[in-house]
Amino acid sequence: MSEATDTRTPDTRPTGGLSAQYQPGEVEQRRYEQWVSAGYFTADPASDKPPFSIVIPPPNVTGSMHVGHALEHTIMDTLSRFKRMQGFEVLWLPGMDHAGIATQNVVERQLAAQQLSRHDLGREAFVEKVWQWKAESGGAITGQMRRLGDSVDWSRERFTMDEGLSKAVQTIFKRLYDDGLIYRAERIINWCPRCLTALSDIEVEHTDDDGELVSIRYGDGADAIVVATTRAETMLGDTAVAVHPDDERYQHLIGTEVELPLTGRRIPIVADEHVDPAFGTGAVKVTPAHDPNDFEIGRRHNLPSMTIMDERAVVTVPGPFEGLDRYEARPAIVAALREQGRIVAEKRPYQHSVGHCSRCKTTVEPRLSLQWFVNTGPLAKAAGDAVRDGRVSIEPPELAKRYFAWVDNMHDWCISRQLWWGHRIPVWYGPAGEVVCVGPDEEPPSGEGWRQDEDVLDTWFSSGLWPFSTMGWPQQTETLAKFYPTSVLVTGYDILFFWVARMMMFGLYAMDGVQPFDVVALHGLVRDAHGKKMSKSFGNAVDPLDWIERYGADATRFTLARGANPGSDVPISEEWCQGSRNFCNKLWNATRFALMNGATVEGELPASAELSSVDKWILSRLQHVIAEVGEQLATYEFAKACDTLYHFAWDDVCDWYVELSKPVLATDGAEAARSRRVLGHVLDQLLRLLHPVIPFVTEELWTVLTGAESVVVAAWPVADAARIDDVAEEELAALQKVVTEVRRFRSDQGLRPGQRVSAALTGLGNVGIDVHEPLIRALARLDAPSAEFAATATLAVTGGITVDLDTRGTIDVAAERARLDKDRAAAEKEAAQCRAKLDNDAFIGKAPEQVVAKIKDRLATAEADLARIAAALKALPSA
RNA sequence: GGGCGCGUAGCUCAGUGGGAGAGCACUCGCCUUACAAGCGAGGGGUCGUAGGUUCGAAACCUACCGCGCCCA
């Protein structure tokens, strides 16, 4: 706002100390600290109130808040605050996970800067170093959560590596082990040659990459067979060639052997149904130790597995290729084969699907190794059934299909990781080959030759226990008794497989079949204003802290919530955030106006019989809004709830109610007093309704308006059906129509907004709004007709209302004719559409009665409008 | 290759059998004693295409075109 150009005299009415603009920076931190120290967010398990609980999807301890977190937290905070106001004992439990690979990587990078590796420190010292890192630099996100306004119970913050949660991990491991649901086996797993650890299937991202397809002739002469491969280097580990059993081209070769080039080994040609005869030549090389499909073929045909690379994907087969990594070995081997004339065809680039480590993007190397697995069969079945039989509902329900597709086809889960940071597998191996799984209260075996398994567990293993490990399980705590199962899990649909399915499996298993949450409310991904995925490299990523800094936490939250349709992606842009900021400022100024005009929440709300239709109307609208918003928030329709409130606040309250109230508020009588009470009530209720989404500005305004302690602990509004007033709503709709028509005329005629026009209004009584004539005159800036009144234009308003205006001689006839022509065209179209329906016997015969009646009514209205418009056109002076 | 979803105003999206809507953008007029982060008015859409069901389809069914996501 430009002070220099503001020539108005300052308003001296009381504003409760509110400045002319909302400054979020002055409010947010102070308010948040007050809330926390008042204990509003601390959950009491001994409370008599019904429980409502959410556990936070634990962010990564190395991470900071990105805009996806901001969305998710806005949703969770909105639900928590909504339920708290509704009288629930709310527990929103915060915490972080230890992010095995990511955290270890961070600390290893620090060490690398000093030319050190974790092996130089040793396991114990390294883990100590990680804890030290966490204490110094971990958990930046918790400070950012405070900035956003998260109403979490900080006294219950948890970390997956805490003692209690670690105990939960060991307990469930032991239980699953004893039940035969955890086993150790040599399997082909996804291996990251950079992180040097196994990965589970879902930690691998597949992309279509450019590679090469090389066709190689194995054997010579009549026995020759050509195989096509994208990974020529793995041929050193081939132990067979496979063809489809029905493939006529190769019938004579099945059961025979062929010499594997470069090695001199002879390998069998086997028949396997899983070979696709249409791919390449229909013959595939089989490398069981380096390809999951080949591993299966190998198992079916009892083929040996030959591991030809070490953990860094460097060739270990003695000979000319030894010591080359997989990308050096590939061209070297192709060249060697070409020299022998064995390369039949080469295709470059050849697009094919390649798996990458989700953490570091290195191409995954399938690797045969001894790992720990969870047998997911029975667990996944239970996880699917809990949704199938309705104990857990997925919102929106369409996304349940995706969940089923995953849990019903789940492979065993590789849970061991070759890391040091994490929960170490509680299994000891004895000198005589003993294997002992140790429970949390048991002493591990000691003595000569006993050693613990070196590996740690997948981070998701501990995250899967989160809904109950954070509440003290395996102890039977008061908190568990009160707050488990949790009420709702809020997370992105992209995390359905990673985390939701795992919590379901573990929750149902550990908690005697009781589900970890009743509802899974899924949100989408935050995208930019053009629906593009946000990414740092593309440069369209939004830093929520930056927005909070510049526009306020409320504006940031409102922007996100307003885009959050269930399960759908959420586009946002800075312009929209500005709009949200403007909305907060609008509320600020509406409250400021109310305070300047004596709005109050003291005393009983006046009985409807005592109120003007303007007051009755806004109270009636308020009841609809209370009901709608309550329903929308309860069904996770955050975008709709925001929209409902935005339009009620801006259109109904600010644009109409406040403007309509100004004349009476300028007076001093009993009617003004009643309106002050109504205005106070409407704002009080509106601020409560908005508080879950925009907590800071509503708190600031509500406390000034009401003088009460905090809207955080105020009661959620309840719709009062007795205040719904259809008559007042119809009256106000008619009033708005008259005012809008006059404004349209004025705008079309180029009349200055301040210019008053004489006018005669007739027919207001038709719709019962004759008492509002002064209001209409005020809003439309119409003066009473003077003695020498002479109408120069006539406005025909639907409902039989006529406004005759005296524009003092000058009227833009062409503009007026254009306006009337447009109205006539619209009315004619309407009439024609209605007549077409009514002339149709099938319509009259088959359509419901009330639909027919409605169409008849519309036709009558259109015809009446047409008559008036025609008269007005006729009355216009000819050009 | 399999599965799921989406095509509605310039952009982003609501609308799921009976008058095509919102926000932003755009045009015009305004500092009007709460607010220029504002106020008033306006323009703009063969609802992807083609069939079908129905008295009536943006909505339901089928096919096709285009886009996206997940899985392999």
Side-chain angles (χ1 to χ4, degrees), chain A residues 1-2 5-13 15 18 20-22 201-202 206 276 278-279 292-293 353 355 398-399 401-402 405-406 409 493-494 496-497 524-525 527-531 533 551 555 559 562-563 565 567-573 575-576 578-597 637 639-640 642-643 646-647 650-651 654-655 658-659 662 666 739-740 742-755 779-781 819 822 829-830 833-834 836-837 840-848 850-852 854-855 857-858 861-862:
Chain A
M1 167 168 165
S2 167
T5 58
D6 190 351
T7 54
R8 291 170 295 187
T9 48
D11 200 312
T12 53
R13 285 177 286 176
T15 59
L18 300 187
Q21 283 187 338
Y22 174 50
D201 293 347
I202 54 175
H206 292 268
D276 176 9
F279 176 79
N293 294 322
S353 180
E398 304 92 83
L399 286 171
K401 285 178 211 158
R402 244 163 126 148
W406 175 252
N409 298 291
Y493 60 69
D494 56 323
L496 206 49
F497 314 139
L525 269 42
R527 295 175 177 273
D528 74 9
H530 297 284
K533 206 167 167 171
Y551 302 112
T559 305
R562 202 182 185 188
N565 288 301
S568 303
D569 289 345
V570 180
I572 59 167
S573 82
E575 279 180 343
W576 305 345
Q578 283 168 5
S580 301
R581 186 263 322 256
N582 296 355
F583 177 59
C584 293
N585 192 50
K586 189 74 181 172
L587 292 170
W588 181 269
N589 274 290
T591 307
R592 192 163 163 262
F593 169 84
L595 294 169
M596 290 164 80
N597 287 277
E637 295 276 7
K640 289 191 174 73
C642 288
D643 211 48
Y646 183 91
H647 284 111
W650 206 308
D651 301 348
C654 292
D655 286 350
V658 164
E659 293 304 323
K662 278 178 179 174
V739 171
T740 303
V742 175
R743 284 173 174 170
R744 184 160 80 104
F745 170 83
R746 296 178 60 112
S747 183
D748 286 347
Q749 285 293 314
L751 298 173
R752 297 173 64 83
Q755 187 177 337
L779 265 62
R781 291 172 188 267
R819 197 174 70 84
K822 205 184 131 198
K829 190 180 168 194
E830 170 80 353
Q833 278 177 352
C834 293
K837 288 195 183 209
N840 183 346
D841 290 342
F843 174 76
I844 300 290
K846 294 193 180 179
Q850 67 270 27
V851 173
V852 176
K854 198 174 164 188
I855 298 293
D857 203 47
R858 279 170 53 190
T861 302

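So you know, we letter chains A, B, ... as the sequences are listed, proteins then strands, and number each from 1. All values derive from a computational prediction rather than experimental measurement.
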**Message:** Strictly distance-based, threshold 3.5 Å: is any side-chain N or O of Thr591(A) a donor or acceptor partner for the main-chain N or O of Leu587(A)?
**Reply:** yes
**Message:** Suppose you measure atom P in C60(B) against the same atom in G1(B); what distance do you get, rounded to whole Å?
**Reply:** 28 Å
**Message:** Any carboxylate oxygen within less than 4.0 angstrom of a Lys/Arg side-chain nitrogen, looking at Lys401(A) and Glu398(A)?
**Reply:** no
**Asked** Expressed in whole Å, how much space separates the C1' atoms belonging to A14(B) and A50(B)?
**Response** 27 Å
**Fill in**
For Ala639(A), the side-chain contact (heavy atoms from CB on, under 4.5 Å) test, sequence neighbours excluded, returns Asn565(A)
**Request:** Looking only at non-hydrogen atoms, find the nearest pair between Leu751(A) and Phe745(A) and report the distance.
**Result:** CD1-CE2, 4.3 Å
**Asked** Do Gln21(A) and A37(B) have a side chain to base donor-acceptor pair shorter than 3.5 Å?
**Response** yes
**Message:** How many whole angstroms separate atom OH of Tyr493(A) from atom C1' of C71(B)?
**Reply:** 15 Å
**Touch class at under 4.0 angstrom, heavy-atom based, for Thr740(A) against every strand present** = sugar-phosphate
**Asked** If the P atom of U27(B) is compared with that of G15(B), how far apart are they to the nearest Å?
**Response** 31 Å
**Message:** Using the side-chain contact (heavy atoms from CB on, under 4.5 Å) criterion, which residues pair with Cys654(A)? Sequence neighbours excluded.
**Reply:** Lys586(A), Ala590(A)
**Message:** Measuring to OP1 and OP2 of G38(B), would you say a side-chain N or O of Asn582(A) lies under 4.0 angstrom away?
**Reply:** yes
**Fill in**
A34(B) -> Watson-Crick or G-U wobble partner, both distances under 3.5 Å, gives none
**Request:** Rounded off to whole Å, could you give me the CG-to-C1' distance for the Leu496(A) and G3(B) pair?
**Result:** 15 Å
**Request:** Report the distance from atom CG of Asn409(A) to atom P of C4(B), rounded to the nearest whole Å.
**Result:** 13 Å
**Request:** Quick one, give me the B/S/- string for nucleotides 12-25 of chain B, reading 5' to 3', where B means a protein heavy atom under 4.0 Å from the base and S means that only happens at the primed atoms, P, OP1 or OP2.
**Result:** SSSS--BB--SSS-
**Distance in angstrom units between Arg746(A) CZ and C30(B) P, rounded** = 13 Å
**Asked** How far does the C1' atom of C67(B) sit from the matching atom of C35(B), given to the nearest Å?
**Response** 43 Å
**Item:** A22(B) to G42(B) separation - P atoms, rounded to the nearest Å
**Value:** 11 Å
**Message:** Would you measure the distance from the P atom in C26(B) across to the matching atom in G10(B) and give it in whole Å?
**Reply:** 15 Å
**Closest-nucleotide 5' rank along RNA chain B - winner of Leu751(A) and Phe583(A)** = Leu751(A)
**Message:** Give me the distance, rounded to whole Å, that separates C13(B) from C47(B) when you measure between the C1' atoms they each carry.
**Reply:** 13 Å
**Spacing between Glu659(A) atom CD and G38(B) atom C1', to the nearest angstrom** = 11 Å
**Item:** Who pairs with C39(B) - Watson-Crick or G-U, where each distance is under 3.5 Å
**Value:** G29(B)
**Prompt:** What integer distance in Å separates Asn597(A):CG from C35(B):P?
**Reply:** 11 Å
**Interatomic distance where CG belongs to Asp655(A) and P belongs to A34(B) [whole Å]** = 14 Å
**Item:** Pairing partner (Watson-Crick or G-U wobble, both distances under 3.5 angstrom) of U54(B)
**Value:** none
**Asked** Could one point to a donor on the side chain of Arg743(A) or the base of A41(B) with an acceptor on the other under 3.5 Å away?
**Response** no
**Item:** Residues which pass side-chain contact (heavy atoms from CB on, under 4.5 Å) with Asp643(A), listed by chain and number, not counting sequence neighbours
**Value:** Arg562(A), His647(A)
**Asked** Between G40(B), A41(B), A34(B), which nucleotide gets closest to the side-chain atoms of Arg592(A)?
**Response** A34(B)
**Message:** Counting only side-chain heavy atoms from C-beta out, which of C55(B), C39(B), U32(B) sits nearest to Asn840(A)?
**Reply:** C55(B)
**Message:** Partner lookup for U49(B), please. Criteria are Watson-Crick or G-U wobble with both distances under 3.5 angstrom; report none if nothing qualifies.
**Reply:** A63(B)
**Request:** Look at the rings of Tyr22(A) and Trp588(A) and say which category their plane angle falls in: under 30° parallel, 30 to 60° tilted, over 60° perpendicular.
**Result:** tilted
**Request:** Not counting sequence neighbours, which residues clear side-chain contact (heavy atoms from CB on, under 4.5 Å) with Asp569(A)? List them please.
**Result:** Tyr493(A), Leu525(A), Arg527(A)
**Message:** Closest-nucleotide mapping onto RNA chain B: is Ser747(A) or Arg402(A) further toward the 5' terminus? I mean the 5' end.
**Reply:** Ser747(A)
**Prompt:** Contact class for Asp841(A) (heavy atom, under 4.0 Å): base, sugar-phosphate, or nothing?
**Reply:** nothing
**Sub-4.5 Å side-chain heavy-atom contact between Gln755(A) and Arg746(A)** = yes
**Partner nucleotide, any strand, of A9(B) [Watson-Crick/G-U, under 3.5 Å]** = none
**Request:** Verify the contact: side-chain N or O of Lys533(A) to OP1 or OP2 of C69(B), cut-off strictly under 4.0 Å; return yes or no.
**Result:** no
**Request:** Using both distances under 3.5 Å as the test, list the Watson-Crick or G-U wobble partner of G1(B), or none.
**Result:** C71(B)
**Message:** Which residues pass the side-chain hydrogen bond (donor to acceptor under 3.5 Å, both in side chains) test with Tyr646(A), not counting sequence neighbours?
**Reply:** none
**Distance between P atoms of G17(B) and A25(B) (Å, rounded)** = 33 Å
**Asked** Phosphate oxygens OP1/OP2 of C31(B): is one of them under 4.0 Å from a side-chain N or O of Arg752(A)?
**Response** yes
**Request:** Nearest whole angstrom, please: distance from the P of C4(B) to the NZ of Lys401(A).
**Result:** 7 Å
**Request:** Check every strand shown and say whether Cys654(A) touches a base, only sugar-phosphate, or nothing at a heavy-atom separation below 4.0 Å.
**Result:** base
